[in-house]
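The block underneath contains the structure these notes are about, expressed in structure tokens.
Here is how names work: the chains are called A, B, and so on, in the same order as the sequence lines, proteins then strands, and each is numbered from 1.
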There are 2 protein chains.
Amino acid sequence: MQTRESLQQQFETRCRELGLAVTHQRTVIYRELIATGEHPTPEAVYERVKAQIPAISLGTVYKNVKTFLDAGLLKEVSLHHGTLRLDANTEPHHHMVCTRCRRIFDVPEAEFEPVRLKNLPESGFQIDRYSIEVVGVCGACAAARPESSGLGPASAAHTNQVL
Amino acid sequence: MQTRESLQQQFETRCRELGLAVTHQRTVIYRELIATGEHPTPEAVYERVKAQIPAISLGTVYKNVKTFLDAGLLKEVSLHHGTLRLDANTEPHHHMVCTRCRRIFDVPEAEFEPVRLKNLPESGFQIDRYSIEVVGVCGACAAARPESSGLGPASAAHTNQVL
DNA sequence: TGACAGAACGAGAATCATTATCGTTTAATA
DNA sequence: TATTAAACGATAATGATTCTCGTTCTGTCA
Ligand SMILES: [Mn+2]
Ligand SMILES: [Mn+2]
Ligand SMILES: [Zn+2]
Ligand SMILES: [Zn+2]
């Protein structure tokens with residue numbers, strides 16, 4: 001079928017652009033990631049891939065997931081999956097999150113027009129609340145390194161303090 | 001000063017309501033959580049508290065943070081801080097997140113009116129994008145356990161699968 | 001106030017997610 | 001087909017979090 005072939009070819013082309021070898025493992029990992037409409041954990045990806053490459057190691061999945069994230073072929077759902085972040089403000093409010101230092105700033109609800117889904121989800125999802133995240137670079141981090149295209153994983157060690 | 005006393009009294013009252021002993025550690029942990037306007041990690045809370053109770057253990061901080069979360073005295077910033085969740089959909093879009101099973105569903109951008117801050121942040125924060133999270137209970141989980149007031153940490157083991 | 005029971009604590013082991021190391025295999029390329 | 005760097009698999013190491021268990025403290029009552 002045309003569709004699958006072109007996906008595979010797209011992937012190979014993208015790898016060449018990035019200087020990445022097109023390995024069997026890498027190919028299957030990517031294919032499974034695209035195939036699922038879910039938002040899987042690395043462990044879940046590993047399970048799917050292992051069914052096709054029984055000898056694959058979990059470390060290889062982690063390595064390639066990281067590679068794909070760096071290449072922009074994948075995104076992380078949450079910027080703060082590494083460690084628990086606590087909020088003593090129990091009133092409804094929103095957040096600004098810095099992609100460099102991962103600091104989190106409160107934004108009052110009143111700063112936005114109310115958000116609502118245009119069509120209620122047909123899946124029967126019961127909505128408790130809407131939470132808005134303003135993603136970007138905080139003033140301090142922008143001052144420290146004004147250039148730097150865009151997002152990318154928080155890197156520079158000295159800007160990486162938490163709290 | 002009146003303010004501090006009443007906060008302390010409020011805390012003690014809340015503890016009694018919850019059947020929790022008012023220990024020195026618990027009191028200082030809570031006070032420090034309220035004092036910081038940040039969104040600290042448990043480790044950061046530990047550092048602040050240790051300055052006042054040098055013998056306190058990190059485990060005690062974790063235990064009490066959990067207790068406070070269960071009691072609703074604190075909130076977690078992110079529902080998926082435990083493990084990396086991958087998104088093969090690299091187009092801008094939003095998410096619905098189930099607080100019970102932690103599954104994540106895509107929501108097209110067009111489902112919302114555009115979101116914008118009414119006033120640009122005076123802190124010099126550079127905005128890259130807005131991300132909306134619809135928080136609630138998915139159809140499957142609601143069918144499995146229709147009662148249950150609201151949020152609360154994802155608990156029931158059988159609804160806790162990821163993916 | 002003094003005694004008791006259960007809750008909470010501190011120390012450290014255990015677990016889970018993730019990363020690093022290293023010797024072997026493989027993809028790319030001439 | 002030979003060369004070489006990249007990638008792999010196994011496994012050790014790390015960092016965050018939870019658990020276990022013996023000791024200490026809080027709340028309650030005589
Ligand atoms: Mn907040
Ligand atoms: Mn998505
Ligand atoms: Zn920053
Ligand atoms: Zn669910």
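Partners of Pro42(A) under the side chain to side chain contact (heavy atoms under 4.5 Å, CB included) rule, at least two apart in sequence or in another chain, are Tyr62(A), Thr83(B), Leu84(B). With sequence neighbours excluded, no residue forms a salt bridge (Lys or Arg N to Asp or Glu O under 4.0 Å) with Glu43(A). Scored by the side-chain hydrogen bond (donor to acceptor under 3.5 Å, both in side chains) test, Arg116(A) finds no partners at all (sequence neighbours excluded). Among residues two or more places apart in sequence or in another chain, the side-chain hydrogen bond (donor to acceptor under 3.5 Å, both in side chains) test is passed with Gln52(B) by Arg31(B), Glu32(B). Every residue was checked against the side-chain hydrogen bond (donor to acceptor under 3.5 Å, both in side chains) condition with Thr13(B), not counting sequence neighbours, and none meets it. Among residues two or more places apart in sequence or in another chain, the side-chain hydrogen bond (donor to acceptor under 3.5 Å, both in side chains) test is passed with Glu113(A) by none. Applying the salt bridge (Lys or Arg N to Asp or Glu O under 4.0 Å) rule to Glu91(B) yields no partners; only residues at least two apart in sequence or on another chain are considered.
Tyr130(B) contributes a side-chain N or O that, together with a main-chain N or O of Leu117(B), makes up a donor-acceptor pair within less than 3.5 Å. Checked by atom type and distance alone, the side chain of Thr67(B) pairs as donor or acceptor with a backbone atom of Lys63(B) at under 3.5 Å. The closest donor-acceptor contact from the side chain of Arg102(B) to the backbone of Leu79(B) lies under 3.5 Å.
Chain B approaches DNA chain D over the interval dA16(D) to dG27(D), counting the first and last nucleotide 5' to 3' with an atom under 4.0 Å from its heavy atoms.
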What N/O pairs connect the protein and nucleotides 1-3 of chain C at under 3.5 Å? Give each pair on its own line.
none

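Residue pairs that meet the ring pair (Phe, Tyr, Trp, His ring centres under 6.0 Å) test with at least one member in residues 74-100 of chain A, sequence neighbours left out, are His93(A)-His95(A), His94(A)-Phe112(A), His95(A)-His39(B).
For the residue pair Asn119(A) and Glu111(B), a side-chain donor N or O sits within less than 3.5 Å of a side-chain acceptor on the partner.
Each end of the helix from dT1(C)-dA30(D) to dA30(C)-dT1(D) gets its own axis from five base pairs, and the two axes differ in direction by 30°, given to 10 degrees.
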Protein proximity profile, nucleotides 9-30 of chain C - base contact B, sugar-phosphate-only contact S, no contact -, cut-off 4.0 Å on heavy atoms: BBS-----SSB-------SS--
